[in-house]
Amino acid sequence: MLFGMGSMLVLAGLCFSIFWIHHHSVLVHSQSMEAPAKVVEGTALINGTAPIAQTDDDFICATLDWWPPDKCDYGTCSWGRSTLLTLDLTNKILLSAIKAFSPLRVRMGGTLQDKVTYETQADDQTSCTLFTKNSSEFLGFSEGCLPMSRWDQLNAFFKQTGAVVTFGLNALYGRTISSDGSVIGVWNSSNAESLMQYTVNKGYSIHGWELGNELSGNGVGARISAKQYALDVNNLQNIAENIYQGYEVKPLILAPGGFFDASWFNDFIERTTKTLQVVTHHIYNLGPGVDDHLIEKILDPSYLDGEAQTFSGLKGILKSSGTSAVAWVGEAAGAYNSGRNLVTNTFVFSFWYLDQLGMSSTYDTKTYCRQTLIGGNYGLLDASTFLPNPDYYSAILWHRLMGSTVLSTKFSGTNNIRAYSHCSKKSGGVTLLLINLDGNTTVQVQVSTEDVSSNGALGLQQEGQSPRTKFTKVTSGKTTTEGHAREEYHLTAKDGNLQSRTMLLNGKILSPNLDSSRKFIPSLEPISVSLLDPISVKPFSIMFAQIPSMNVTACK
């Protein structure tokens, strides 16, 4: 009896140990950030002599998709009525969320865009139907239709919010798909031309027309050769020239909206040097949303670095081709198939998202479109409540602080800090973005630059300063020690839980003002810190440092 009881206790202890190890392994990224294990020092070196790249002023973009409510992944349906044909365009939270960017770029498109037909005046309105699930159909859904009444509503909505819109056209219209996925025939442009003409006749403003979605290279379900795609794009450009004849500002022509394939993109770009203004590509580098290792990938600097090959490869092709076309990320959400609940809609995803914004901008990407504005588990807004997810606030801070001029930034001291800097957007000086992927280490960062007012190398902070213990609050958006302070915006997760859907700014919860008499975005007030103090980046945190006194040549 005693032997049996002892064995049971040993077994129970063993089971508890196994459970604890597994539990700790799964939740290691949600640990509290109190009492970090260590403090290390690092240096952010900013080369302010000349910019290394230039983004558009309105770099931040978000998408609206076609997926219907019964789009489900891994047994979960996360879209609701948040898509182009069903979205409540009168929702005050949605209106305010877009207006807050002044402006927000919006890309309308997605997987089903190549199955959308556009209603014309000659059509029987009863035939303009929504998508329905059908496993025997290409991409698992029937064809859908965009009624002109809905197109009118969408354009009124965009005008009201001030959004800058690009629209993805159906590149498979009039074509067939062979059993191996290759597309047969040329693009029938008549339906797209009808939509474009209607749009112009109504006076609607479309910033750009994009042709096709994920049909480049090997494609997703279907693929078009680079040679044929180039012919289609040249056709679209000719149509746009005719329809917009006499207009001083004409819409951009964008393509191919697919995954980067160096050989295919090179061939395609070489054939469209005179007709294409924007080369768009998509990024889902974390794999499927069902992957249990998403958080590990997000927090692995070497994994994040892997995407640099795509940005570098496309930049090289554009430079060598002689084209005037520029690069956009037309759709990106990290994890495909609608993302993953409690990962891609939580604080931890801002590590991936802001790192993507920083990395892509260094390779001369002009615009970065996040999948999605709303819809799925990766929306900037929650698909059910319309309330902001953490990445919405990350996007707003980038939009307000990071200017279009990109500076070379190198970080030494630890591999777990991601560092990017731009000329500040509306104030003088430089804004530095620091992302700490380490959950056990606070990093004390000294900032130096190779060019401050052409005086050569100069450290902005003195060496050997002890960590600060107090913050000085900014009054009315200005520092109390003009010229001797920087403004810091520290982003952390509520209760130190990386999978929290609540973000803190300088220790205070970020939540929207739902009172229509007040601004939707809460006051995003920085803290003012002496330049003599190092920047303290807490474990698992993100911070923007705006340094007005860094008067580098590149920002003049």
Side-chain angles (χ1 to χ4, degrees), residues 63-88 108-120 122-151 154 167-192 194-195 210-216 218-224 256-259 282 284 288-290 331 333 335-341 371-372 374-379 383-384:
T63 69
L64 289 173
D65 208 300
W66 292 101
W67 286 123
D70 54 353
K71 156 67 172 172
C72 305
D73 301 282
Y74 321 116
T76 301
C77 307
S78 58
W79 287 84
R81 298 182 63 81
S82 62
T83 60
L84 282 165
L85 294 175
T86 59
L87 184 62
D88 179 6
M108 306 169 69
T111 300
L112 295 183
Q113 81 177 49
D114 293 312
K115 302 198 72 170
V116 181
T117 57
Y118 319 117
E119 182 188 36
T120 66
D123 289 336
D124 176 3
Q125 293 186 1
T126 60
S127 66
C128 198
T129 59
L130 301 178
F131 294 104
T132 57
K133 185 174 288 188
N134 187 334
S135 59
S136 65
E137 293 265 3
F138 173 57
L139 299 174
F141 286 86
S142 68
E143 289 188 350
C145 177
L146 172 64
M148 288 302 94
S149 59
R150 182 61 175 180
W151 186 235
L154 285 165
F167 184 88
L169 295 165
N170 179 350
L172 294 182
Y173 190 75
R175 289 168 148 161
T176 57
I177 303 171
S178 65
S179 58
D180 67 355
S182 58
V183 172
I184 301 171
V186 299
W187 177 47
N188 183 339
S189 60
S190 61
N191 196 226
S194 173
L195 175 68
E210 183 178 25
L211 184 62
N213 184 83
E214 297 177 356
L215 299 170
S216 58
N218 292 325
V220 176
R223 64 182 184 275
I224 301 175
F259 295 102
H282 295 179
Y284 288 90
V290 73
E331 180 183 313
Y336 58 82
N337 287 347
S338 304
R340 186 184 182 97
N341 188 35
Q371 173 83 349
T372 60
I374 185 168
N377 288 315
Y378 39 38
S384 299

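Hydrogens, waters and symmetry mates play no part in the numbers below; they use all other heavy atoms, side chains included.
- Pairing each heavy atom of I224 with each of R175, the nearest pair is CD1-NH1, 3.2 Å.
- Residues A333 and Y378 come closest through the heavy atom pair CB-CD2, 3.3 Å.
- Atoms CD1 and CG, from I374 and D65 in turn, are 12.5 Å apart once rounded to the nearest 0.5 Å.
- Listed for the D114 side chain is a donor-acceptor partner under 3.5 Å among the backbone atoms of A171.
- Using a 4.5 Å heavy-atom cutoff, the side chains of L146 and L85 are in contact.
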Would N341 and T76 count as a side chain to side chain contact (heavy atoms under 4.5 Å, CB included) if you check the C-alpha gap in whole Å, the side-chain angles of each, and the deciding distance to 0.1 Å? CA-CA 9 Å; N341 188 35; T76 301; over 6 Å; no
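- To the nearest 0.5 Å, atom CE of residue M108 and atom CG of residue L169 are 10.5 Å apart.
- Shown here for W187 and A192, the closest heavy-atom pair between the two residues is CZ2-CB, 3.6 Å.
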Is there a side chain to side chain contact (heavy atoms under 4.5 Å, CB included) between N213 and T111 once you walk through the steps? CA-CA 6 Å; N213 184 83; T111 300; 4.3 Å; yes
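- Among all heavy-atom pairs drawn from D70 and K133, the shortest one is O-NZ, 2.8 Å.
- Listed for the Y74 side chain is no donor-acceptor partner under 3.5 Å among the backbone atoms of N337.
- Considering only heavy atoms from C-beta on, T372 comes within 4.5 Å of W79 through its side chain.
- Remark: side-chain polar atoms of N191 are paired, donor with acceptor, to backbone N or O of Y118 under 3.5 angstrom.
- Checked by atom type and distance alone, the side chain of W67 never pairs as donor or acceptor with a backbone atom of C72 at under 3.5 Å.
- For the atom pair CG (L172) and CD1 (I184), the distance works out to 12.0 Å, reported to the nearest 0.5 Å.
- One distance of note links CZ of F259 with OG of S216; it measures 8.5 Å at 0.5 Å rounding.
- Considering every non-hydrogen atom in both G339 and N377, the closest pair reads C-CB, 4.1 Å.
- Exactly one of H282, Q113, R223 qualifies for a side chain to side chain donor-acceptor pair (under 3.5 Å) with E214. That residue is H282.
- Remark: the backbone N or O of M148 is paired with a side-chain donor or acceptor of E119 at under 3.5 angstrom.
- Expressed to the nearest 0.5 Å, how far CG of D88 lies from OG of S82 amounts to 11.5 Å.
- Listed for the K115 side chain is a donor-acceptor partner under 3.5 Å among the backbone atoms of F141.
- Of the possible donor and acceptor atoms, one in the side chain of S142 sits under 3.5 Å from a partner among the backbone N and O of T132.
- At least one side-chain heavy atom of Y336 sits under 4.5 Å from a side-chain heavy atom of P288.
- Residues L215 and A222 share a closest heavy-atom pair of CD2-O, 3.6 Å.
- No side-chain heavy atom of E143 sits less than 4.5 Å from a side-chain heavy atom of N134.
- Between W66 and F131, the angle of the ring planes goes over 60°, which puts this pair in the perpendicular group of the 30/60° scheme.
- Ring centers of W151 and F167: under 6.0 Å apart, within the cut-off.
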